[in-house]
2 protein chains.
Amino acid sequence: MSKTSQPKRKTERSLKHNHGACIETALSRAEQRCAEEGERFTGLRRQVLELVWAEHKPAKAYDLLKKLSDIRSGVAPTTVYRTLDFLQERGLVHKIESLNAYVGCSQPNAEHSGHFLICEACSEIKEIENSKISAWLESAAQDEEFKIKTETVELSGLCIRCQPS
Amino acid sequence: MSKTSQPKRKTERSLKHNHGACIETALSRAEQRCAEEGERFTGLRRQVLELVWAEHKPAKAYDLLKKLSDIRSGVAPTTVYRTLDFLQERGLVHKIESLNAYVGCSQPNAEHSGHFLICEACSEIKEIENSKISAWLESAAQDEEFKIKTETVELSGLCIRCQPS
DNA sequence: CGATGATAGTTATAATATAACACTTCAACT
DNA sequence: AGTTGAAGTGTTATATTATAACTATCATCG
């Protein structure tokens with residue numbers, strides 16, 4: 001019997017959505033996406049992605065390393081970084097540059113840079129899907145005749161739940 | 001005679017502006033800004049800022065450390081990071097999160113997060129002063145009722161000079 | 001002058017990330 | 001089924017980035 005077979009303690013988030021299902025969705029999308037691209041969604045890749053998705057908070061590489069070590073042997077930093085690189089290249093996770101951490105992406109079908117709202121109080125990260133943002137930034141870049149390839153947009157502050165009322 | 005006393009080789013950039021003057025301007029603005037705030041613009045702080053401004057490219061902390069060691073003794077990582085922190089807090093330099101590097105800020109008067117265009121080919125960084133960007137991002141955040149405190153906006157790609165014609 | 005707080009020096013270590021090479025596995029082909 | 005080549009993973013070592021904790025020095029002000 002695995003440790004995860006029990007009814008598990010609830011987090012704030014789990015009160016609001018079925019996070020188990022949330023993870024499942026992410027994993028099956030990832031599987032599908034890899035299949036489409038002829039990439040293998042191996043046990044290692046699945047485990048790492050599952051750990052990244054364990055919370056809706058940024059996961060640090062070395063924290064993933066520790067957790068991964070609990071479920072398999074022969075895990076080194078390389079293991080984690082290589083796998084994160086793979087997942088990133090397929091758009092399955094994003095790196096949050098300002099935190100040196102990683103979050104799962106729920107729109108793995110699109111080749112997109114993510115845009116993030118990062119709550120400084122509760123650490124929760126929300127990826128915003130506002131197609132206008134890229135258009136705006138491109139227009140700003142166009143003023144300088146600059147050709148954007150990747151966008152790093154990380155907005156830190158307070159989410160609605162953490163704002164003083 | 002210092003090495004820098006000679007007519008020096010021209011870089012692409014030096015053909016376009018008098019970079020010596022560019023540094024001088026940055027330094028005197030910094031001096032003024034510190035004076036306004038009752039902060040001391042010490043020799044160390046001046047030297048670090050000068051090194052950051054040496055090029056219009058991102059400066060890595062440990063590169064600054066090496067260069068700083070050439071002009072003073074007792075320089076450790078702490079020295080550099082502490083000084084960069086000081087300069088950052090006063091808006092005199094910005095950290096480029098996606099590169100773990102620092103650039104000088106030419107608008108040290110404003111409390112602003114910078115928005116950057118980063119050329120992947122020539123490494124040149126341009127800080128864009130487009131007041132619309134913050135307004136746009138704030139409106140996007142507002143849709144989620146998120147209160148932005150700091151914006152990390154780093155757009156990587158190709159500057160006009162590095163684009164294939 | 002002497003107390004005080006800011007600045008800088010010193011030593012050690014933590015945290016993040018990559019390089020280089022060896023071994024294993026899988027799938028495609030014969 | 002056996003061969004083989006590329007992809008995946010393991011292993012070891014090291015590079016890079018950043019901070020902690022404590023001490024010494026300096027500038028200012030009473």
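Treat the numbers as computed from the prediction; the structure is a model and nothing was measured. Chain A is the first sequence line, chain B the second, and so forth, proteins listed ahead of strands; every chain is numbered from 1.
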Worked verdict on A:Leu44 versus A:Leu68 for side chain to side chain contact (heavy atoms under 4.5 Å, CB included): CA-CA 9 Å; A:Leu44 175 61; A:Leu68 192 58; 3.9 Å; yes
Verdict with reasoning, A:Asp70 to A:Lys67, per salt bridge (Lys or Arg N to Asp or Glu O under 4.0 Å): CA-CA 5 Å; A:Asp70 291 342; A:Lys67 291 180 185 166; over 6 Å; no
Check against side chain to side chain donor-acceptor pair (under 3.5 Å), A:Glu127 and A:His94: CA-CA 10 Å; A:Glu127 181 172 354; A:His94 290 292; 3.2 Å; yes
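Atom CG of A:Leu68 and atom P of D:dT11 are 13 Å apart (whole Å). Between the CG atom of A:Leu87 and the P atom of D:dG8 there is a distance of 12 Å, rounded to whole Å. Between A:Lys66 atom NZ and C:dA15 atom P there is a gap of 8 Å when expressed in whole angstrom units. The distance between atom CG of A:Leu65 and atom P of D:dT12, rounded to the nearest whole Å, is 15 Å. As a whole-Å value, the separation of A:Leu84 CG from C:dA15 P is 18 Å. One atom, CZ of A:Phe41, and another, P of D:dT9, lie 11 Å apart when rounded to the nearest Å. Rounded to an integer number of Å, the gap from B:Leu99 CG to D:dT17 P is 10 Å. Atoms CD (A:Glu37) and P (D:dA7) sit 14 Å apart, rounded to a whole Å.
Distances shown here put a side-chain N or O of B:Lys95 below 4.0 Å from the OP1 or OP2 atom of D:dA18. Listed pair A:Arg40 / D:dA6 fails the phosphate criterion, with no side-chain N or O lying under 4.0 Å from OP1 or OP2. The phosphate of C:dT18 has neither OP1 nor OP2 within less than 4.0 Å of any side-chain N or O from A:Tyr81. Look at B:Lys60 and you won't find any side-chain N or O under 4.0 angstrom from OP1 or OP2 of D:dT16.
Interface residues of residues 42-49 of chain B facing DNA chain C, ordered by number: B:Thr42, B:Leu44, B:Arg45; criterion, heavy-atom separation under 4.0 Å.
Put simply, the side chain of A:His19 gets close to the backbone of A:Trp53: a donor and an acceptor are under 3.5 Å apart. A donor-acceptor distance shorter than 3.5 angstrom exists from the side chain of A:Arg33 to the backbone of A:Arg90, with no hydrogens or angles considered.
The side chain of A:Asn100 lies closest to C:dT16, out of C:dG9, C:dT16, D:dT17. Checking C:dT7, D:dA18, C:dA17 against the side-chain heavy atoms of A:Ala61 singles out C:dA17 as nearest. Relative to the side chain of A:Pro77, the nucleotides C:dA8, C:dA17, D:dA18 differ in distance, and C:dA17 lies closest. The B:Ala76 side chain lies nearest to C:dT10 when the options are D:dT17, C:dT10, D:dG10. The side chain of B:Arg82 sits closest to C:dA8 out of C:dT7, C:dC21, C:dA8.
The cationic atom of B:Arg82 (NZ for Lys, CZ for Arg) does not lie both less than 6.0 Å from the six-membered ring centre of B:Phe86 and within 45° of the ring axis.
Between A:Glu31 and A:Arg46, at least one side-chain nitrogen of the basic residue sits less than 4.0 Å from a carboxylate oxygen of the acidic one, meeting the salt-bridge criterion.
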Cut-off 3.5 Å, no hydrogens considered: what does the side-chain donor-acceptor table look like for residues 149-160 of chain A, sequence neighbours left out?
from	atom 1	to	atom 2	distance (Å)
A:Lys149	NZ	B:Glu120	OE1	3.4
A:Glu151	OE1	A:His115	NE2	2.6
A:Glu151	OE1	A:Ser134	OG	3.0
A:Glu151	OE2	A:Ser134	OG	3.4
A:Glu154	OE1	A:Glu97	N	3.4
A:Glu154	OE1	A:Ser98	N	2.8
A:Glu154	OE1	A:Ser98	OG	2.5
A:Glu154	OE2	A:Glu97	N	2.7

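Comparing B:Gly38 and B:Val75 by the nucleotide of DNA chain C whose heavy atom lies nearest to each, the residue mapping closer to the 5' end is B:Gly38. When the nearest nucleotides of DNA chain D are assigned to A:Phe86 and A:Tyr62 by heavy-atom distance, the more 5′-ward of the two goes with A:Phe86.
Using a 4.0 Å heavy-atom distance criterion, A:Thr78 is classed as a base contact.
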